[in-house]
Number of protein chains: 2
Amino acid sequence: MNAFENILHEKHVRSTAMRLLVMDTLAKQQTAISLHDLEAAFEHADRITLYRTLKTFEEKGIVHSIEDGTGATKYALCEPGCQCSPQDLHIHFYCNKCEKTYCLSKSKIPDLGLPKGYQLQEVNLVAKGVCNRCSD
Amino acid sequence: MNAFENILHEKHVRSTAMRLLVMDTLAKQQTAISLHDLEAAFEHADRITLYRTLKTFEEKGIVHSIEDGTGATKYALCEPGCQCSPQDLHIHFYCNKCEKTYCLSKSKIPDLGLPKGYQLQEVNLVAKGVCNRCSD
DNA sequence: GTTGCTATGCAATGGTATTGCATTTTTTTA
DNA sequence: TAAAAAAATGCAATACCATTGCATAGCAAC
Ligand SMILES: [Mn+2]
Ligand SMILES: [Mn+2]
Ligand SMILES: [Zn+2]
Ligand SMILES: [Zn+2]
């Protein structure tokens, strides 16, 4: 049983060929990718199956999703130990030049100081600008 | 010249009946609203005209938009003096119960501590959970 | 009043997300 | 191991939301 199979097992998701391929593809990315991007990474794969794979992964905490405002949700593998709680989550950065969405894993979400009565469950924080690769 | 006409004039947007009506409608909202919501607030108004009105308002800094992850962009009037820079902007809160998106105007965006080389231009910060009205 | 620019209204299009259903694959049970 | 049940996959269809093209109406300058 390899590392990906282990993760699927831990998260109570059945291991299938398709799911392992998707995990493998996601692990190779430097950025968060869209369903469309994922589809493009395969020769012959059904878009809907990939869609449902991502949805399953998201529900089970294997990937996290980012609404970066482009209209297409981006996905990236969670880091080991991530429970996808606001404390676990990190900032995402959308570069207006290269149009890629980066996980800034080391930049955690700062304390938001919400007004009294607001119960926090999730946070989607997308900073936009120019990434370090594009700003030379 | 009333307050709305003043704002339009300041922001170099021509004053029209439609635009004044849209500003009036936006000013009456307690939450940020979608194009669809805006359309529903009128008896007979063309969706596309409303769409372009919102786009114009956004470009000229009269409204700000929020990508709350529901798929439909939300809009709200900017506060006086807002330049829509990351320092001016505030947190938004999407309530999973009432499904409304609130402007938390007093909760400014905290410092993000981006890694070196990342140039910040915009921030979209949406906290999700249960709002104070729904959490009693 | 004529001319020119802008805003509006209607139609059409493009893209992403989502669901229904038949079929295949995997797992469970006998 | 064979049959039955459950889950995953593949294809088709649908639902939205966002965006553009183009003709017309309204306004402003000349
Ligand atoms: Mn991430
Ligand atoms: Mn706001
Ligand atoms: Zn970049
Ligand atoms: Zn609420």
Side-chain angles (χ1 to χ4, degrees), chain A residues 1 4-5 7-9 11-25 32-60 62-75 94 99-101 124 126, chain B residues 1 4-5 7-9 11-25 32-60 62-75 94 99-101 124 126:
Chain A
M1 193 152 78
F4 293 146
E5 286 177 308
I7 293 173
L8 289 176
H9 186 256
K11 303 283 186 176
H12 307 291
V13 175
R14 271 199 192 109
S15 180
T16 70
M18 187 81 264
R19 287 171 177 170
L20 289 171
L21 283 173
V22 170
M23 288 191 79
D24 191 59
T25 304
I33 64 172
S34 67
L35 172 60
H36 183 82
D37 297 333
L38 182 62
E39 197 187 4
F42 290 89
E43 282 295 319
H44 305 289
D46 182 59
R47 165 189 288 264
I48 309 303
T49 301
L50 295 174
Y51 169 75
R52 284 196 259 237
T53 301
L54 288 174
K55 279 293 184 193
T56 301
F57 281 8
E58 187 181 13
E59 276 170 25
K60 301 305 178 114
I62 295 171
V63 305
H64 59 280
S65 66
I66 305 112
E67 309 284 343
D68 60 12
T70 59
T73 307
K74 302 300 194 319
Y75 299 86
Y94 176 78
E99 302 182 336
K100 293 191 182 303
T101 300
N124 185 54
V126 179
Chain B
M1 192 151 81
F4 293 147
E5 287 176 308
I7 293 173
L8 289 175
H9 187 256
K11 304 283 187 176
H12 307 291
V13 175
R14 222 161 256 161
S15 179
T16 70
M18 186 82 260
R19 287 171 177 171
L20 289 171
L21 283 172
V22 169
M23 286 190 82
D24 191 60
T25 304
I33 64 172
S34 67
L35 172 60
H36 186 265
D37 297 333
L38 181 63
E39 196 187 5
F42 290 90
E43 282 295 318
H44 305 288
D46 182 60
R47 166 189 287 264
I48 308 303
T49 301
L50 294 175
Y51 169 76
R52 285 197 259 236
T53 301
L54 289 173
K55 280 293 183 193
T56 302
F57 282 7
E58 187 181 14
E59 275 171 25
K60 299 307 178 103
I62 295 170
V63 305
H64 59 280
S65 65
I66 306 112
E67 308 284 343
D68 60 13
T70 61
T73 307
K74 302 299 193 321
Y75 298 88
Y94 176 78
E99 300 183 338
K100 292 189 182 306
T101 300
N124 185 53
V126 179

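Given the structure is predicted, the values throughout are model-derived calculations rather than measurements. Chain naming here is simple, since letters A, B, ... match the order of the sequence lines and numbering starts at 1 in each.
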Taking only side-chain nitrogens and oxygens of [X], does any of them come within less than 4.0 Å of OP1 or OP2 of [N]?
X	N	value
A:T16	D:dA7	no
B:Y51	D:dA18	no
B:T49	C:dG9	yes
B:T73	D:dA18	yes

Could you give the [atom1]-to-[atom2] distance, from [X] to [N], as a whole number of Å?
X	N	atom1	atom2	value
A:E67	D:dC17	CD	P	14 Å
B:I48	D:dC17	CD1	C1'	10 Å
B:I33	D:dC17	CD1	P	14 Å
B:R52	D:dA23	CZ	P	14 Å
A:D46	C:dA17	CG	P	15 Å
A:L21	D:dG10	CG	P	11 Å
B:L54	D:dC17	CG	P	14 Å
A:H12	D:dA7	NE2	P	15 Å

* To do: Mind checking the OG1-NE2 spacing from B:T56 to B:H12? Nearest 0.5 Å is all I need.
  =>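 Here the interatomic distance stands at 14.5 Å.
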* Separation of A:Y75 OH from A:D37 CG (nearest 0.5 Å) ->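 Between A:D37 CG and A:Y75 OH, I get 11.5 Å after rounding to 0.5 Å.
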Would a distance-only check, ignoring hydrogens and angles, find a side-chain to backbone donor-acceptor pair under 3.5 Å from [X] to [Y]?
X	Y	result
B:D24	B:L21	no
B:N124	B:E67	yes
A:R19	A:R14	yes

* Asked: Want to settle it: does A:A72 or B:T53 sit nearer the 5' end of DNA chain C, counting the closest nucleotide to each?
  ->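 Going by which nucleotide is closer to the 5' end, it is B:T53.
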* Of A:A45 and B:K55, whose nearest nucleotide on DNA chain D comes first from the 5' end? ->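 Going by which nucleotide is closer to the 5' end, it is A:A45.
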Base of [N] paired with side chain of [X] (donor-acceptor, under 3.5 Å):
X	N	value
B:R14	D:dG26	no
A:R47	C:dG15	no
B:R19	D:dG26	no

